[in-house]
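For ligands, and for the atoms within them, numbers begin at 1 and follow the listed sequence.
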Amino acid sequence: EKDGHDWFMRKEIFEQPRAVADSLLGRRTAEGLLQLDEVRLSDDELRDIDKIIIIACGTSFYAGMVAKYAIEHWCRIPVEVELASEFRYRDPILTRETLVVAISQSGETADTLQAIRHARVQKSKVLAICNTNGSTIPRESDAVIYTHAGPEIGVASTKGFLTQLVACYLLALYLAQVKGTRYGDEINEWMDHLEAMPAHIEKVLESAEEIYELARSHKETKSVLFLGRHAGYPVALEGALKLKELAYIHAEGFAAGELKHGPIALIAEGLPVLCVVPPRGRDQLHEKMISGIQEVRARGAHTICLAEEGDEKILPYADKLITLPKVPVLLQPLVAAVPLQLFACELATAMGNDVDQPRNLAKSVTVE
Ligand code: F6R
């Protein structure tokens with residue numbers, strides 16, 4: 001049942017190329033248009049959307065953060081991302097033109113369910129991104145995009161997360177197509193990029209042994225920091241959450257630009273800092289990230305850098321380098337999250353923890 005793996009989680013990590021491919025299947029028509037069967041909202045209804053609010057919890061919330069970058073960039077619709085447990089208590093502004101996107105692997109998370117009920121009472125449209133067919137959240141939504149990860153058994157979400165990211169990109173590209181904010185050619189190019197991802201993820205998985213060794217060498221570590229920028233910021237948060245959940249050690253993710261506003265005071269000699277380095281591009285992201293890494297390293301941090309292949313600028317500042325395939329920054333979470341999953345899984349195993357059933361946690365959280 002675990003396909004020869006020690007944990008469901010490890011099996012599910014290695015299933016990710018297949019899960020991502022399945023989530024992309026059948027989304028393009030012969031005419032090269034994007035189609036999402038389960039979106040039961042008319043094009044007119046979608047064109048009227050003037051604001052999107054994404055609600056989710058935990059790892060699904062981090063997928064939502066990535067979705068914000070993609071939707072705002074491709075569709076020019078303002079997006080808010082909100083923790084489901086906070087949403088209805090702040091009296092959010094919801095109208096008929098608001099699209100609420102609920103992201104939930106299980107489809108049963110009580111916080112998220114209560115949030116969408118609140119949104120529907122206010123007459124907003126609700127679209128669910130969900131992995132579990134027929135679960136409560138999609139049943140109570142106006143539309144649903146199913147992720148095709150297959151059942152996720154390990155309590156810590158892995159293939160659930162990657163397929164949520166895929167669904168978010170598909171939704172963003174679909175909205176861009178309907179709203180006409182991107183040309184068909186460009187949408188098709190992004191689809192080509194997405195369809196190349198399973199092979200890229202496979203490539204990352206080939207370096208598992210190297211990441212395991214790194215993880216085992218951190219058995220005595222009491223605290224790990226994660227840094228990222230842009231779409232790498234939610235990945236940093238996700239890497240930290242995985243480590244807290246599974247290894248029970250203090251881990252925190254920061255936006256690299258925030259370091260100087262406080263967190264840099266945490267840096268002490270030998271502190272491991274995992275850095276998700278953005279791809280080199282026309283923007284300043286890469287340079288800014290490197291200067292952040294330089295700052296922490298100058299203060300004694302042990303830097304573990306995830307950077308794209310061929311990135312030579314990072315070499316002088318990386319105590320340990322993990323290479324990622326070359327992909328656009330918006331899609332980088334699909335490859336960058338994987339080494340962090342492997343790291344947490346292996347470190348927790350080395351510490352003797354139950355990776356599939358971490359203490360105090362349940363797979364689906366049906367209480368608020
Ligand atoms: C983390 C994890 C949790 C879930 C969260 C939401 O590994 O699994 O943080 O992501 O409880 O669950 P769903 O997506 O089922 O609503």
Side-chain angles (χ1 to χ4, degrees), residues 7-13 15-16 19 23 54-67 81-87 100-117 119 126-141 144-168 226 234-249 251-253 333 337-338 340-348 353-368:
W7 305 113
F8 280 108
M9 182 189 180
R10 212 182 306 261
K11 167 178 173 262
E12 289 163 1
I13 292 173
E15 277 172 359
Q16 291 181 117
S23 289
I54 302 177
I55 46 176
C57 307
T59 291
S60 302
F61 175 78
Y62 302 142
M65 289 178 70
V66 177
V81 193
E82 176 112 23
L83 292 168
S85 56
E86 289 293 321
F87 178 67
V100 170
V101 177
I103 309 178
S104 175
Q105 189 284 131
S106 63
E108 301 295 347
T109 301
D111 288 313
T112 312
L113 180 60
Q114 293 307 334
I116 68 169
R117 285 182 176 156
V126 175
L127 181 145
I129 291 178
C130 185
N131 192 44
T132 313
N133 277 56
S135 55
T136 313
I137 289 171
R139 271 197 279 117
E140 295 202 13
S141 298
V144 45
I145 299 176
Y146 279 110
T147 52
H148 298 277
E152 191 177 61
I153 310 232
V155 163
S157 185
T158 53
K159 61 177 182 173
F161 177 60
L162 257 58
T163 56
Q164 284 169 346
L165 291 173
V166 170
C168 289
F226 292 75
V235 175
L237 296 174
E238 166 63 2
L241 180 62
K242 283 285 158 295
L243 217 51
K244 286 180 243 197
E245 281 182 291
L246 303 172
Y248 319 143
I249 62 177
E252 247 186 298
V338 177
L340 305 184
Q341 299 166 341
L342 291 166
F343 183 82
C345 181
E346 184 65 12
L347 182 54
N353 299 348
D354 185 334
V355 168
D356 285 336
Q357 296 284 333
R359 69 186 185 198
N360 311 339
L361 294 176
K363 183 67 187 161
S364 115
V365 186
T366 51
V367 290
E368 266 189 88

Best match, [options]: closest heavy atom to [atom]:
| atom | options | answer |
| --- | --- | --- |
| atom 16 (O) of ligand 1 | Leu113, Leu361, Thr109, Ile103 | Thr109 |
| atom 5 (C) of ligand 1 | Ala56, Cys57, Ala110 | Cys57 |
| atom 15 (O) of ligand 1 | Ser106, Cys130, Gly58 | Ser106 |

Will you find, in the side chains of [X] and [Y], an N or O donor that is under 3.5 Å from an N or O acceptor?
| X | Y | answer |
| --- | --- | --- |
| Ser135 | Glu108 | no |
| Ser60 | Gln164 | yes |
| Glu238 | Thr59 | yes |

### Task
Answer side chain, backbone, both or neither: which part of Glu108 comes under 4.0 Å from ligand 1, heavy atoms only.
neither
Atoms in ligand 1 with a heavy atom of [X] nearer than 4.0 Å:
| X | result |
| --- | --- |
| Lys242 | 1 (C), 7 (O) |
| Ala156 | 7 (O) |
| Ser104 | 13 (P), 14 (O), 15 (O), 16 (O) |

### Query
Can Asp356 and Ile153 be said to form a side-chain contact (heavy atoms from CB on, under 4.5 Å), step by step?
CA-CA 8 Å; Asp356 285 336; Ile153 310 232; over 6 Å; no
### Summary
So CG of Leu165 and OH of Tyr62: to nearest 0.5 Å the spacing works out to 13.5 Å
### Message
For a quick test of reading the model, state the closest non-hydrogen atom pair linking Ala337 to Leu162 and the distance between them.
### Response
CB-CD1, 4.1 Å
### Message
For a quick test of reading the model, state the closest non-hydrogen atom pair linking Ile55 to Ile116 and the distance between them.
### Response
CD1-CG2, 3.8 Å
How far is [atom] from the closest protein heavy atom, and which atom is that?
| atom | result |
| --- | --- |
| atom 4 (C) of ligand 1 | Thr59 N, 4.1 Å |
| atom 11 (O) of ligand 1 | Val365 CG2, 4.3 Å |
| atom 8 (O) of ligand 1 | Val155 O, 3.2 Å |
| atom 2 (C) of ligand 1 | Glu245 OE2, 3.6 Å |

### Task
Would you mind checking if Lys159 and Glu152 are paired as a salt bridge, meaning a charged N to carboxylate O distance below 4.0 Å?
no
### Message
Any nitrogen or oxygen of Gln105 lying under 3.5 Å from a nitrogen or oxygen in ligand 1? Just yes or no.
### Response
yes
